[in-house]
Amino acid sequence: MTDRELFYRHLGLPSFTPMALDIVHAEGVWLTDRDGNRFLDLVSGISVSNIGHRHPMVLSAIDEQLDKYLYLNVYGEFIQSPQVKLAKRLTDLLPPSLDSVYFVNSGSEAIEGAMKLAKRYTGRQEIIAFKDAYHGSTQGALSILGNEMMKSAFRPLIPDIRHLKFNHFDDLDKITEKTACVVAETIQAEAGLILPEANFLQRLRERCAETGTLLVIDDVQMGFGRTGSLFSFEQYGFVPDVLVLAKALGAGMPLGAFIAPKQVMDSLAFNPELGHITTFGGHPVSCAAALAGIEVLLADGLLSEVEEKGRQFEEKVCKHPAIASYRRRGLAIGLDMVDHDKRQPFMEAALNHGIIIDWYLFKPATFRIAPPLTITKEEIEEACSRLIEVLDYVN
Ligand code: PMP
């Protein structure tokens with residue numbers, strides 16, 4: 001059987017219509033399939049490959065760690081140098097209050113940890129999130145996900161969850177002294193890249209402070225330079241109580257984290273002791289890769305180029321007649337197609353033109369452009385001319 005046949009026969013798949021590209025090599029922004037076709041990656045595995053595929057500094061950090069040890073023991077028992085160095089680097093880059101990092105394996109798991117931390121620390125039960133939010137697929141994360149269609153088959157979920165409308169200032173009054181935490185994205189990605197209105201996040205921050213509610217910011221998709229700053233909340237002038245990271249954090253390796261003030265985080269260590277545990281969280285190879293990934297992101301003015309690169313896409317592609325409207329922040333772009341029925345032909349034509357694009361989960365007629373931030377201006381020119389050919393074709 002070929003890999004393709006095995007894929008369909010033996011892999012549990014979340015959809016019957018996967019892209020099913022058979023990639024044999026990845027480098028920078030380029031993917032190569034078994035037949036030698038090359039594809040420009042405009043999705044980054046949904047904001048994972050922010051520094052491109054197989055960055056040499058990440059590869060050598062992984063190599064170095066491979067020579068020392070792989071897995072040693074459950075998270076938090078042994079002192080593992082890649083973990084503590086990464087925690088130090090992250091906390092040095094964050095506001096002083098965010099000084100304790102709990103490593104896990106994924107975004108969903110980090111959200112689960114943050115939800116448990118908020119309940120344990122505040123002694124409250126209610127959790128608030130926003131309509132159209134995506135926070136992961138495990139049952140806790142699913143409970144706060146703001147899309148009924150994705151949830152209804154899996155009920156009962158966690159009780160005491162309320163959903164507010166994003167950008168609705170009046171709704172913020174529903175946050176009360178009963179609320180353990182509010183979980184929010186700065187930019188609602190899977191809703192089709194919904195940007196926060198001026199002062200909405202600041203007002204949310206204030207309301208949480210007024211009610212003693214922890215503000216948990218999910219920076220899983222918008223973090224690590226996607227919006228032009230290392231963490232997306234930095235652009236909105238407030239500090240969360242808990243920060244959730246994953247995806248690009250591991251620079252291509254699986255890694256998630258929730259970060260909180262030490263005195264808050266410590267509440268997971270008593271009543272009960274071992275209040276949150278993980279076997280593989282903070283895997284040393286993932287942490288070594290992550291540490292190298294951060295250095296790449298911070299080097300050579302990469303972050304300062306994000307806005308200009310985003311604008312290059314905006315000027316070339318977003319005003320095409322097949323596009324009804326669009327939203328952009330840095331190198332995250334959401335484009336709404338005029339004709340909703342063109343989605344499938346558009347996807348197929350994109351692959352035929354050697355570009356990888358994708359849709360936002362809750363907005364089937366809105367596609368994303370979110371390439372590695374390392375994409376060069378020449379590669380953007382190439383991507384745009386291919387995108388325009390595809391848009392012309394479906395228009
Ligand atoms: N939060 C956000 C904003 C996400 O985009 C995602 C993944 N798409 C998650 C959480 C869940 O991350 P994971 O798939 O690693 O569990």
Side-chain angles (χ1 to χ4, degrees), residues 12-15 43-50 102-118 127-147 150-151 154 158 161 163 166 181-196 201 215-227 231-233 236 240 242-259 276 278 280-283 286 289-290 293 327 329-334 357-364 366-370:
L13 297 172
S15 131
V43 176
S44 311
I46 322 279
S47 279
V48 170
S49 316
N50 284 10
Y102 195 114
F103 287 116
V104 289
N105 302 281
S106 68
S108 301
E109 229 185 305
I111 287 286
E112 300 285 339
M115 289 168 73
K116 281 174 68 182
L117 176 65
I127 294 181
I128 287 183
F130 287 93
K131 294 201 161 78
D132 286 331
Y134 183 83
H135 297 295
S137 211
T138 52
Q139 296 208 48
L142 189 63
S143 303
I144 59 168
L145 181 140
N147 178 285
M150 299 281 295
K151 292 165 45 152
F154 303 104
I158 294 182
I161 307 284
H163 283 93
F166 196 70
C181 67
V182 175
V183 184
E185 298 160 273
T186 52
I187 296 171
Q188 289 201 299
E190 297 308 324
L193 208 80
I194 305 305
L195 304 175
L201 295 171
L215 175 56
V216 178
I217 288 295
D218 177 342
D219 220 10
V220 167
Q221 191 168 151
M222 289 298 136
F224 289 93
R226 178 62 47 200
T227 64
F231 306 105
S232 70
F233 72 84
Y236 299 100
V242 183
L243 180 66
V244 174
L245 302 172
K247 287 192 184 278
L249 166 65
M253 295 293 285
L255 189 62
F258 55 103
I259 306 179
H276 193 71
T278 163
F280 281 117
H283 194 285
S286 298
R327 295 153 299 286
R329 185 95 194 188
L331 268 171
I333 311 178
I357 48 147
D358 202 4
W359 303 91
Y360 288 103
L361 194 55
F362 306 143
K363 271 285 169 73
T366 301
F367 73 94
R368 73 179 93 221
I369 299 179

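Numbering of ligands and ligand atoms starts at 1, following listing order. Worth saying up front: this structure is predicted, and the values here are computed from it rather than measured. Just the heavy atoms: all of them, side chains too, but no hydrogens, waters or symmetry mates, feed the values below.
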D218 near ligand 1 by a heavy-atom separation under 4.0 Å: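 The answer is yes: ligand 1 sits under 4.0 Å from a heavy atom of D218.
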
Within-shell test, K247 vs ligand 1, heavy atom, strictly < 4.0 Å: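 Yes.
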
I need the atoms of ligand 1 closer than 4.0 Å to a non-hydrogen atom of [X], numbered in the order shown.
X	value
Y134	1 (N), 2 (C), 3 (C), 4 (C), 6 (C), 7 (C), 8 (N), 9 (C)
E185	3 (C)
Q221	5 (O)
S106	15 (O), 16 (O)
G107	11 (C), 12 (O), 13 (P), 15 (O), 16 (O)

With distance as the sole test, does [X] use its side chain to make a donor-acceptor pair with the main-chain N or O of [Y] at under 3.5 Å?
X	Y	result
S108	S137	yes
S44	A370	yes
Y236	P196	no
E112	A141	yes

For ligand 1, which is the ligand I care about here, please tell me if I111 has any N or O atom under 3.5 Å from one of the ligand's N or O atoms.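 N/O-N/O distance under 3.5 Å: no.
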
Any nitrogen or oxygen of E109, main chain or side chain, under 3.5 Å from a nitrogen or oxygen of ligand 1?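 No, since none of the N or O atoms of E109 sits under 3.5 Å from an N or O of ligand 1.
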
Going by salt bridge (charged side-chain N to carboxylate O under 4.0 Å, His left out), name the residues that satisfy it together with E109, two or more places apart in sequence or in a different chain.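 Partners of E109 under the salt bridge (charged side-chain N to carboxylate O under 4.0 Å, His left out) test: none.
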
Atom 16 (O) of ligand 1: nearest protein contact (heavy atom, Å): S108 OG, 2.5 Å

Positive for side chain to side chain contact (heavy atoms under 4.5 Å, CB included) with V220, one of K247, E185, H135: K247

Is there side-chain contact between K131 and Q188, with heavy atoms separated by less than 4.5 Å? no

